[in-house]
J.: 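Before I ask anything, let me first share the structure, which is written out below as C-alpha cells.
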Amino acid sequence: MRIPLAALIGLILTAIYFLAAIFAPLIAPYGVAEVVGQVWEPSSADYLLGTDNIGRDLLSRMIYGGRTTIFIATAATILSFTTGAILGFLATVLGGWWDQLMSRFVDLLMSIPTLIFALVVLSVMPVTVPVLILVMGFLDSTRVYRLARAVAVDINVMDYVEAARLRGEGNRWVIFREILPNALSPLVAEMGMRFIFMVLFVSTLSFLGLGVQPPGADWGGIVKENADGIVYGIGAALYPAVAIATLAISVNLVADWVLNRTTSLKGGRG
Amino acid sequence: MPTLVKLLAQRIALGLLLLFLVSILIFAGTNILPGDVAQSILGQSATPEALANLRKELGLNDPVVTRYFSWLGGALHGDLGTALTSRLDIATEIGRRLGNTLFLAFWAAVIAVPLAIFLGLLAVRYRDRWPDKVISAFTLASISVPEFLIGYLLMFFIGVKLRWFPSTAISYRPDADLFTRLESIALPVAVLTFVVLAHMMRMTRAAILNVMQSAYIETAELKGLRMFTIIWRHAFPNSIAPIVNVVMLNLAYLVVGVVVIEVVFVYPGMGQYLVDHVSKRDVPVVQACGLIFAAVYIGMNLIADVVSILANPRLRHPK
C-alpha cells in the first residue's frame, strides 16, 4: 500500500502530537504549574519558548496543554460518534415515527448555534472536564447523526439487509453486523473533521474562561493567560496558534487520504 | 401568485414555530439540567438562607411551566428581566449593545460578501491554476485556526508591531463620528471578514462550477463568448440562489463569530455581555442573549430559504 506524501506528513505530525500528549510528563522539562523564572522571559537555552505571564515554562505548558486539549477533543469525538452513529442507525432501522421524532429534534438542536447553546448550558453547570466532554460530545453528535442516518438509509434498502431480516435477525444484528461495517469508511473520514472541530471548540471555550480551569493548562487557556502580553509586543499567546493549525492541517490531510482511498473505485474498501 | 404567497407564509410560520421551540429548549437548558441553579450561582459554601432567598427571587419555587410562560410573556413584551449581578434592566443593556454588535457585523458583511463572490468567480475562471490553488490553500489554513487566534495574530502584527490600527476596540464610542468608529473596529472587522471569507468563497466556487457543467454553458462557449462573460452572464444568474444561501448562512455564522471576537478586542457588544454573564452565572442575561442570538440565526436561515424560493421557479411549484 503506497501512502501519498501529503498523507504521510499528516500521519507523522499527528502521531507526534499524540505521542507528545501521552508522554507529556516525560518530555516536558518542567512541571505544569511550576514557577521557574521571571514573567515573560524571552526564549533561552533554559526555557525554549520563554516563560508565561507568571513565570512558568511555556514549552512545558504547551506540552501539558496539548495533552489536555487532545484528551478532551478525543473523548468528546468518541462520545459524539457513538451517540450520533447509534441513534442515526436506530432511526433508519426503526423508521416511521421514531425516525421523524429523532430527526426533527436534531433539526431543532441544530437551529441553535453550537457555541451559543454550549454557553447557555455551561452557565448553570459546574465547569469540569467531564461536563465539558459531555456537553461538547452531545451537541456535536447531531452532526454525526445526520451523516450516519444519510449513509444508513442507503444501506438499509440493500438486498443483503432484506435477506438478514427474512432470516429473522433483529435490529441489533442489522445495525452492528450489516449497516455498521458498510458505513464505517465515510464515518471514519468524517471523524477527522469532527476531531478538529472539537479541538477548536474546546480551545474557544477555554479562551472564554469556560473550559479547562487554572492551574490546568490547555491551548485555549494559554492564549487567555498570555493575551495581555500582546499589547506590549510579547508573542507568548501566539504559540498555540501554531500548534492548533499544524495539528488541524495534518489531521485534515490524513482524513482526505482516507476519504479518497475509500471512495475511489480502484482503491476499494480492502 | 397565491401559491407563492402561501408557500412563503408557510415557511415563515415554520420559522416562528422553530423559534418558539428554541425558546423552550433554551429555557429547559438552564432549568431541567441536573444541579440546582441557585446552588451553582452561589457556590458550594452558600448558606441555606441565601439559597432560599435566591430561589424565591428567581421564582424557582413555581413549577417550571409557569416560569417558562411568564419568561416568554415578558420577552414578547420586551421585558427580559433584570440581571442578577448588576440589578440593571437587561432589555436596556441589550438595546445599547445590540446596535454595536450589528454595526460590527454589518461592516464585516459589507467587505466580505462582494470580496468572496469576486474571488469565487476568479477561482472558477482560473480553475486548477495558481489563483485557484492559492485560494484553496488559504481556505484550509483559515479553517484550521480558531477565530480568536486569528484575532490575536492580527492584533500582534498589525496593531502592535506595525501600529496601523488601534489594537483593541476598547475606545469604541457609539456617538463618535463614523471615521473614528470605523478606525477602532478595523481589526475586528478584518478578522471576521477573514473567518467567513474562506467558506463563502469555497461555496461560491462550488455553486458556479455546478452550473458550469450545464449544456447552455457549453453552447455559450461554442458561440465563442469570453470565459468571464460566460461566467458573469450565464453561470452567475443561475447560481444566485445557492450563493445567497451561502451568504446568509455565513452571515448567521458571523453573528456567532462576533461573540468570540468581541471578547478578544474588548468591544462593548452582545457577545462580550453574554460571555461575561456566563462566567458570573447570571442566568436571566444568558437566557435573553441566547434567545436573541438564536433568533437572529434562525432569521438569517429563514431569509436564505425565502430567497431561494423566490429565485428558483421550480421551488415555487412543488410537485
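Below, chain A is the first sequence line, B the second, and so on; all start at residue 1.
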J.: Let me know if B/Leu19 has heavy atoms under 4.5 Å from chain A in its side chain, its backbone, both or neither.
T.: neither
J.: Measuring heavy-atom distances to chain B, does A/Phe105 have an atom under 4.5 Å in its side chain, in its backbone, in both, or in neither?
T.: side chain
J.: So do B/Val264 and A/Phe207 actually touch side chain to side chain, heavy atoms under 4.5 Å?
T.: yes
J.: At a heavy-atom separation under 4.5 Å, does A/Leu115 approach chain B through its side chain, its backbone, both, or neither?
T.: side chain
J.: I'd like to know whether CZ of A/Phe71 has more than 12 heavy-atom contacts from other residues, nucleotides or ligands below 6.0 angstrom.
T.: no
J.: Just wondering, do A/Val120 and B/Leu25 contact through their side chains at under 4.5 Å, heavy atoms?
T.: no
J.: For residues A/Ser111 and B/Ile298, report the shortest heavy-atom separation together with the two atoms involved.
T.: O-CG1, 3.8 Å
J.: Which atoms of A/Phe117 are under 4.5 Å from chain B, going by heavy atoms: the side chain, the backbone, both sets, or neither?
T.: side chain
J.: To the nearest 0.5 Å, what is the distance between CG (B/Leu18) and CZ (A/Arg104)?
T.: 11.0 Å
J.: Could you pull out the closest heavy-atom pair between A/Ile244 and B/Pro146, with the gap in Å?
T.: CG2-CD, 3.6 Å
J.: Around atom CE of A/Met193, are there more than 12 heavy atoms of other residues, nucleotides or ligands at under 6.0 Å?
T.: no
J.: Side chains of B/Tyr152 and A/Leu238: closer than 4.5 Å at any heavy-atom pair?
T.: yes
J.: Tell me the closest heavy-atom pair linking B/Leu149 and A/Ala241, and the distance in Å.
T.: CD1-CA, 3.3 Å
J.: Could you pull out the closest heavy-atom pair between B/Ala294 and A/Pro113, with the gap in Å?
T.: CA-CD, 4.4 Å
J.: Quick one: pull up CD1 in A/Ile116 and CG in B/Leu291 and give me the separation to the nearest 0.5 Å.
T.: 11.5 Å
J.: By a 4.5 Å heavy-atom criterion (distance strictly below it), what part of B/Phe148 contacts chain A: side chain, backbone, both, or neither?
T.: side chain
J.: Report yes if the side chains of B/Val259 and A/Leu119 come closer than 4.5 Å at any heavy-atom pair, otherwise no.
T.: yes
J.: Heavy-atom distance under 4.5 Å to chain B: side chain of A/Val242, backbone, both or neither?
T.: neither
